[in-house]
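Here's the structure we're looking at; comments come further down.
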Amino acid sequence: MSENPDPFVNRTEDTPAVTPGVLLNATWQCPSNIAIIKYWGKKNGQFPANPSLSMTLDQAYTQTKVSVVPGDKGNGLLSLNGDADHPFLPKMRHLLNCIREEVSALRGVSLEAHTANNFPHSTGIASSASGIGAFALCLVDLGYQLAGETPRRNDFMSAASRFARMGSGSACRSLYSGFTVWGATPWITGSSDEYAIPAPGLIHPEMMQIKDAILVISTKPKELPSSGGHQLMKGHPFLGGRILQADKNLEEALSALVENDFEKLGNIAENEALTLHALIMSAIPGTILLKPSTLEVIHLIRETRHAGIPVFFTLDAGANVHVLYPGHSAQMVEKFIGDALQPFCENGLVIYDHCGSGPMKVNGNQPPG
Ligand code: PMV
């Protein structure tokens with residue numbers, strides 16, 4: 001992974017970042033996140049069947065610049081990285097349409113976006129959370145700029161989180177540092193299905209040092225896109241039990257974060273990862289996303305843990321493995337990863353990441369506050 005890459009530095013005079021005559025712009029960097037308690041299944045449209053909890057990452061992020069440009073094609077997003085047929089454009093246009101329904105200032109203006117991920121393309125690492133998060137931040141920022149208003153930070157962030165959720169559910173959790181909860185649950189004040197909130201309680205500082213090494217087992221596109229997976233939870237025979245389990249796991253995970261109980265958190269993370277795949281396998285039709293190397297790695301992690309090293313895993317809806325370990329054990333665990341786990345990765349690719357500090361506005365500006 002390149003250090004502090006600036007996706008706009010490679011442009012030349014021949015390929016300007018935006019059409020000359022830009023009127024306004026906003027640039028935001030937004031990280032990805034990894035769910036500890038998984039969101040799997042929707043209710044009433046783009047609302048989660050169960051509350052989820054994620055850790056915001058740091059090194060896997062998207063940087064996006066959106067510009068208001070002169071022109072009469074004010075009804076859509078004109079291009080992404082200069083490409084009017086970019087495959088991510090439909091998702092971004094959907095989000096733009098959702099925002100335009102509510103934010104009149106964004107109607108009738110022409111927009112161009114330039115975006116770049118700092119993690120390698122085609123690594124099997126989902127970029128939609130960071131990509132949609134960054135785009136939502138830029139649009140909300142531009143909406144306020146066009147309306148000539150200065151929002152309060154909390155209002156700004158919950159608006160961005162709510163719009164990000166409309167674009168891609170899990171993206172709404174990328175808007176805060178550390179740990180984030182999305183989904184209404186009666187015992188968390190302020191929790192909402194509409195947008196994510198920072199995890200409640202005084203999270204122990206050591207928990208904010210948790211590391212996540214992403215083992216890229218396969219770079220092949222997923223056989224089951226998450227939208228299809230969420231659909232298959234409708235009428236799933238285990239749905240009722242899953243909702244109860246997620247709520248209980250959430251309560252325990254939040255107490256582990258406050259009590260600095262890494263073992264408790266790690267056990268919940270593994271239980272959630274295996275449940276996610278069990279739900280995927282037992283849906284109709286069932287899908288097996290785990291590869292032989294995924295299972296080899298999981299067994300090695302568990303053996304190593306039983307030998308006394310604090311290391312756990314979680315999985316997304318794919319074959320790649322997220323290795324979780326405390327910051328203070330990094331040297332020991334990273335040696336184990338290099339010696340024993342890296343050989344299972346496609347082209348030896350491991351992305352070392354950690355609990356991060358959330359999105360930021362680029363060009364020295366801070367989020368409004
Ligand atoms: O946000 P979506 O629709 O891509 O769904 C994400 C689902 C999981 O990544 C499997 C779990 C999660 O909570 O992030």
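Everything numeric here is computed off the predicted structure, so don't read it as measured data. Both ligands and their constituent atoms are indexed starting at 1 by order of listing.
Under a 4.0 Å N-O distance rule, the pair E346/K291 does not qualify as a salt bridge. Between D316 and K222 no salt bridge is recorded (no basic side-chain N to carboxylate O distance below 4.0 Å).
Contacts of R242 classified as side-chain hydrogen bond (donor to acceptor under 3.5 Å, both in side chains), with partners at least two apart in sequence or in another chain: Q245, E272.
Contact residues of ligand 1 (protein heavy atom closer than 4.0 angstrom to a ligand atom; sorted by chain and number): A35, K38, Y39, W40, S168, G169, S170, R173, S226, H230, L276, D316, A317.
At least one donor-acceptor pair under 3.5 Å links the side chain of Q342 to the backbone N or O of G348.
Residue L202 places its CG atom among 12 or fewer non-hydrogen atoms of other residues, nucleotides or ligands, all under 6.0 Å distant.
Side-chain contact between Y195 and M157: absent, with no pair of heavy atoms (C-beta onward) separated by less than 4.5 Å.
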